[in-house]
Amino acid sequence: DGGITQSPKYLFRKEGQNVTLSCEQNLNHDAMYWYRQDPGQGLRLIYYSQIVNDFQKGDIAEGYSVSREKKESFPLTVTSAQKNPTAFYLCASSIDGGGSEKLFFGSGTQLSVL
Amino acid sequence: GESVGLHLPTLSVQEGDNSIINCAYSNSASDYFIWYKQESGKGPQFIIDIRSNMDKRQGQRVTVLLNKTVKHLSLQIAATQPGDSAVYFCAEADDFGNEKLTFGTGTRLTIIP
């Protein structure tokens, strides 16, 4: 079954702690993305990567970091600098990230602050 | 800045009726539009997309209409079913400017049995 797997489904962060959200895809897509979704709002782009070992900031990158060491994996770290991390985080991929193409989404991770 | 918006945040429709969800966009250079369906606690699922060289595109029970003159996009769902209850998002991109999809805030569709 091809697709995007996000884990964990639910995650809790203590104050001052960094947490990492996992995203793996077996679609052989070049591009991967992280979005943040707050209640009643649309999706906002955090980071994206069009190729291994390269990534770009999206609209709300402050307080987050990413890596792209493998084509299949694009983990997102929510650092202690992110003061309002509670949100639903969505990982997505697309064929080459070249522009107008559809995104395939994972099932999301709900992050909450303890 | 450019934005994508929806006319109505909520919509309730009787089961079996047709639903129309509207979306306005402000970037006149947008040339790709897409609709997603998101059920509670899940990731968005692709429904249908359309490029700016088309006015209409049909899928299974869904039709997307694009009016470039007034920068308006709509999603029509025929013979709605309980499983159609979800939040629907439109998104847009343009190949020569903001290549990444910009999402609207979503419309919650509720199907009344």
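Below, chain A is the first sequence line, B the second, and so on; all start at residue 1. Note: hydrogens, waters and symmetry copies are ignored here, and every other heavy atom, side chains too, is used.
- Around NZ of K9(A), the count of heavy atoms belonging to other residues, nucleotides or ligands within 6.0 Å exceeds 12.
- In this structure, Y35(A) OH and L101(B) CG are separated by 5.5 Å, a value rounded to the nearest 0.5 Å.
- Note: the hydrophobic cluster containing I21(B) also contains V62(B) (ILVMFWY, side chain heavy atoms under 4.5 Å, direct or indirect links).
- No continuous path of hydrophobic side-chain contacts links I60(A) to L90(A) [ILVMFWY only; heavy atoms under 4.5 Å].
- By the 6.0 Å and 45° rule, K100(B) does not stack over the aromatic ring of Y33(A).
- Under a hydrophobic clustering in which Ile, Leu, Val, Met, Phe, Trp and Tyr are joined whenever their side-chain heavy atoms come within less than 4.5 Å, directly or via other members, Y89(A) and V87(B) fall into different clusters.
- Annotation: salt bridge (Lys or Arg N to Asp or Glu O under 4.0 Å) contacts involving residues 35-56 of chain A, sequence neighbours excluded, comprise R36(A)-D38(A), D38(A)-R44(A).
- If you measure heavy-atom distances from Q37(A) to chain B, the contacts under 4.5 Å come from the side chain alone.
- Of all residues spanning residues 70-79 of chain A, none has a heavy atom less than 4.5 Å away from chain B's heavy atoms.
- Under the side chain to side chain contact (heavy atoms under 4.5 Å, CB included) criterion, Q58(B) pairs with K56(B), T63(B), sequence neighbours left out.
- With hydrophobic clusters built from ILVMFWY side chains whose heavy atoms lie under 4.5 angstrom apart, V66(A) shares a cluster with Y64(A).
- Within 6.0 Å of CD1 on I51(A) lie no more than 12 heavy atoms contributed by other residues, nucleotides or ligands.
- Contact check for Y36(B) versus F105(A): side-chain heavy atoms found under the 4.5 Å cut-off.
- Summarising the geometry, atom CZ belonging to F103(B) is positioned 5.5 Å from atom CG belonging to L103(A); distances are rounded to the nearest 0.5 Å.
- Contacts between F33(B) and chain A at a heavy-atom distance below 4.5 Å are absent for every atom of the residue.
- Residues Q41(A) and F89(B) come closest through the heavy atom pair O-CE2, 4.0 Å.
- For the pair P44(B) and L43(A), the tightest heavy-atom approach, listed with the atom from each and the gap, is CG-CD2, 4.3 Å.
- Hydrophobic clustering (side-chain heavy atoms under 4.5 Å, transitive across Ile, Leu, Val, Met, Phe, Trp, Tyr) keeps F88(A) apart from L21(A).
- Scanning for side-chain hydrogen bond (donor to acceptor under 3.5 Å, both in side chains) contacts around R68(A) gives S49(A), with sequence neighbours left out.
- Scanning all heavy atoms of the two residues, the minimum distance from K102(A) to I34(B) falls at CB-CD1, 3.4 Å.
- Only the side chain of Q38(B) comes within contact range of chain A, judged by heavy atoms closer than 4.5 Å.
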